[in-house]
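Source: prediction; values computed, not measured.
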Amino acid sequence: MTISEIVTSLGDNPYFGAGFGLFGVGAAAAVLRKGLQGSLILLRRHYMITLEVPCRDKSYQWLLHWITVRGARKTQHLSVETSFEQHDTGHVKTKYDFIPSVGTHFFKYQGTWIKVERTREQSTIDLHMGIPFETVTLTSFGRNKQLYFNILEEARQIALTENEGKTVMYIAMGAEWRPFGHPRKRRPLNSVVLDEGITERVVTDIREFISNPSWYTERGIPYRRGYLLHGPPGCGKSSFITALAGELEFGICVLNLSERGLSDDRLNHLLSVAPQNTIILLEDIDAAFVSRQESKQVSAAYEGLNRVTFSGLLNCLDGVASTEARIVFMTTNYINRLDPALIRPGRVDVKEYIGHCSSHQIQQMFYRFYKTADIDAAQKLSAAILAHSKPVSAAQIQGYFMLYKHSAPDILINNVSRIWELDSHLGENSETKLSVQNV
């Protein structure tokens with residue numbers, strides 16, 4: 001049988017024809033599928049743009065809130081996010097924000113349709129937050145990256161607007177800073193009464209530092225500034241820093257050097273990734289380290305409790321790897337306990353003593369409580385308090401004024417001894433109820 005006869009017989013065979021037809025259809029489908037996959041890949045590579053934002057990124061919460069406010073308002077698949085808003089009175093109001101749940105959502109922004117995919121990995125947990133690791137992916141047609149820049153910038157502006165007029169406190173969690181508690185209403189700078197000239201000197205110096213980075217660059221000086229406020233407890237060191245942050249519209253990064261697990265490397269990293277426009281606050285720096293002139297036994301005891309070494313702190317503040325564009329405030333009740341290397345120029349550029357109340361402070365605090373009082377009453381009160389053998393702190397004065405806040409100014413002048421009685425009674429028994437005499 002010739003080849004032509006074999007081909008003819010196979011062509012006449014209905015089973016062979018059906019099988020060949022199915023093979024052709026399958027091959028054509030495979031080619032079409034490959035073509036569609038290739039076309040889709042080509043479309044994604046050249047005609048679509050994707051933005052992936054993991055939950056570890058600082059803009060993640062901004063973006064979720066922005067999607068809630070500006071984006072997928074009409075989606076039926078929601079996830080609740082409970083937050084709390086604190087009013088000036090201290091009352092906390094519960095808020096419920098409905099954000100797009102895990103899955104796929106679509107919305108339109110500036111005439112462009114955007115697909116939002118929110119994915120959650122159950123096997124990967126954010127150890128510091130205790131929640132699953134999440135990612136939000138935005139996909140849109142076109143090649144314009146400016147679209148996503150506009151979205152992120154708008155999300156940032158919305159977040160800033162919500163914190164406008166407030167001071168945000170940050171604490172270190174793991175390798176990053178996270179807001180702590182409710183943003184606080186900014187405290188007016190004049191609400192903290194220090195001795196004459198102190199507030200003006202610090203504010204002038206820090207504003208000059210913020211506004212002149214090029215001055216440091218041109219002279220090869222590291223662009224960072226360190227401040228040390230020292231003095232007895234209760235005299236207004238921490239209150240002044242809080243009010244100063246409000247005046248500058250800065251946040252405050254509170255860093256506890258005695259925290260377990262805080263190493264030299266982590267400390268250096270935290271200082272380098274501090275949020276913009278923030279003050280780094282190291283409170284009670286004397287409690288974290290002892291002077292190198294102290295006994296070796298005491299030093300060894302401190303090193304056993306704290307992983308941050310003294311040399312590590314010095315290098316973080318003013319070492320080769322230390323960051324710039326940074327403002328650090330340190331406070332201490334006992335400056336004589338600090339090692340001279342810690343407070344030398346370059347690490348601490350400005351030192352201010354915040355001491356017991358002077359006549360100026362007493363009178364200014366008096367005017368804040370008794371706005372219609374005359375100067376004679378203020379001078380009499382100041383003289384009566386300073387005539388006492390014991391000095392008095394701003395916290396004691398404020399507590400005394402609060403005790404007589406509904407009384408006439410003469411009552412304060414006649415009962416100044418109660419300032420120290422109140423202190424001693426509270427020290428003996430915090431539950432003692434003090435009666436107000438002559439009111």
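Summarising the geometry, atom CD1 belonging to Ile241 is positioned 6.0 Å from atom OG1 belonging to Thr331; distances are rounded to the nearest 0.5 Å. The distance from the CG atom of Leu194 to the CG atom of Leu189 is 8.5 Å, given to the nearest 0.5 Å. We find the CG-CZ distance between Leu248 and Arg186 to be 9.5 Å, quoted to the nearest 0.5 Å. For the atom pair CG of Leu313 and CG of Asn315, the computed distance is 9.0 Å after rounding to the nearest 0.5 Å. One distance of note links OG of Ser258 with CD1 of Ile285; it measures 8.5 Å at 0.5 Å rounding. If you take CD1 on Ile375 and NZ on Lys380, they are separated by 12.5 Å, rounding to the nearest 0.5 Å.
In this structure the side chain of Asn333 never reaches within 4.5 angstrom of the side chain of His230, judged on heavy atoms. Two residues are said to be in side-chain contact when any heavy atoms from C-beta on lie closer than 4.5 Å; Leu317 and Arg347 meet this criterion. Considering only heavy atoms from C-beta on, Leu138 comes within 4.5 Å of Leu63 through its side chain. Within the 4.5 Å cutoff, no side-chain heavy atoms of Ile252 are placed close to those of Tyr170. No side-chain heavy atom of Thr217 sits less than 4.5 Å from a side-chain heavy atom of Tyr223. Within the 4.5 Å cutoff, no side-chain heavy atoms of Phe366 are placed close to those of Ile413. Side-chain contact check for Val102 versus Thr119: every heavy-atom pair is 4.5 Å or farther apart. Arg344 places none of its side-chain heavy atoms less than 4.5 Å from the side chain of Leu342.
Checking Gln363 against Ser359 by side-chain atom types alone, a donor-acceptor pair falls below 3.5 Å. Residues Ser263 and Asp265 bring no donor and acceptor atom of their side chains to less than 3.5 Å of each other. A donor and an acceptor atom, one from each side chain of Tyr60 and Thr135, are nowhere located under 3.5 Å apart.
At a threshold of 4.0 Å, the pair Arg224-Asp318 counts as salt-bridged, since one of the basic side-chain nitrogens sits closer than that to a carboxylate oxygen. A salt bridge does not link Glu249 with Lys166: every distance from a Lys NZ or Arg NE/NH1/NH2 to an Asp or Glu carboxylate oxygen is 4.0 Å or more. A salt bridge is defined here as a Lys NZ or Arg NE, NH1 or NH2 lying under 4.0 Å from an Asp or Glu carboxylate O, and Arg178 with Glu176 meets this definition. Ion pair Asp205/Arg225 flagged as a salt bridge, since at least one NZ, NE, NH1 or NH2 atom sits closer than 4.0 Å to an Asp/Glu carboxylate oxygen.
Judged by distance alone, the side chain of Asn212 and the main-chain N or O of Glu208 form a donor-acceptor pair under 3.5 Å. Of the possible polar contacts, none joining the Glu218 side chain to the Trp215 backbone as a donor-acceptor pair under 3.5 Å is found. A donor-acceptor pair is defined here as one N or O able to donate and one able to accept, closer than 3.5 Å; no such pair exists between the side chain of Asn415 and the backbone of Arg418. Glu352 places no side-chain N or O within 3.5 Å of a backbone atom of Ile198 that could act as its donor or acceptor partner. Between the side chain of Ser191 and the main chain of Pro188, a donor-acceptor pair closer than 3.5 Å is present. Checked by atom type and distance alone, the side chain of Arg368 pairs as donor or acceptor with a backbone atom of Asn190 at under 3.5 Å. Between the side chain of Thr161 and the backbone N or O of Gln157 there is at least one donor-acceptor pair closer than 3.5 Å. Put simply, the side chain of Arg266 never gets that close to the backbone of Ala175: no donor and acceptor are under 3.5 Å apart. Distance alone, capped at 3.5 Å, places no donor-acceptor pair between the Tyr400 side chain and the Ser417 backbone. For the pair Glu154 (side chain) and Ile151 (backbone), a donor-acceptor distance under 3.5 Å is absent.
Atom CD of Gln146 is surrounded by more than 12 heavy atoms from other residues, nucleotides or ligands within 6.0 Å. Residue-environment remark: CZ (Phe180) stays at or below the threshold of 12 foreign heavy atoms within 6.0 Å.
Nearest heavy atoms, Asp264 versus Val308: OD1-CA, 3.4 Å. The minimum heavy-atom distance between Ala172 and Leu270, with the atom names listed, is CB-CD1, 3.6 Å. Taking each heavy atom of Tyr370 and Pro409 in turn, the nearest pair found is CD2-CG, 3.9 Å. Here the closest non-hydrogen pair linking Ser393 and Cys235 is CB-SG, 3.9 Å. Among all heavy-atom pairs drawn from His269 and Ser272, the shortest one is O-OG, 2.6 Å. Contact record, Pro232 with Lys237: O-NZ, 2.9 Å, taken as the closest heavy-atom pair.
Under the 6.0 Å cut-off for aromatic ring centres, Tyr109 and Trp66 qualify, their centroids lying closer than that. Under the 6.0 Å cut-off for aromatic ring centres, Tyr404 and Phe369 do not qualify, their centroids lying 6.0 Å or more apart.
Remark: of the listed residues Leu282, Leu338, Asp284, Leu338 is the sole one forming a side chain to side chain contact (heavy atoms under 4.5 Å, CB included) with Thr332. Partner of Glu52 under the side chain to side chain contact (heavy atoms under 4.5 Å, CB included) criterion, out of Thr139, Asp57, Thr137, Val136: Thr137 alone.
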**OP:** Evaluate side-chain contact (heavy atoms from CB on, under 4.5 Å) for Thr278 paired with Phe250, printing each intermediate quantity in order.
**Re:** CA-CA 5 Å; Thr278 56; Phe250 275 31; 5.5 Å; no
**OP:** Would you please test His356 and Val392 for side-chain contact (heavy atoms from CB on, under 4.5 Å) and show each step?
**Re:** CA-CA 6 Å; His356 291 109; Val392 64; 5.8 Å; no
**OP:** Let me see the working for Asp195 and Tyr353 under side-chain contact (heavy atoms from CB on, under 4.5 Å), right down to the final yes or no.
**Re:** CA-CA 9 Å; Asp195 208 357; Tyr353 175 70; over 6 Å; no
**OP:** Could you please spell out the steps behind the salt bridge (Lys or Arg N to Asp or Glu O under 4.0 Å) verdict for Arg207 and Glu247?
**Re:** CA-CA 10 Å; Arg207 286 196 182 279; Glu247 176 72 13; 3.1 Å; yes
Subject >> Derivation of the side-chain contact (heavy atoms from CB on, under 4.5 Å) call for Leu147 and Ile114 >> reply: CA-CA 10 Å; Leu147 178 70; Ile114 298 177; 4.2 Å; yes
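Between Tyr227 and Phe329, the two ring planes are parallel [angle under 30°; tilted spans 30° to 60°].
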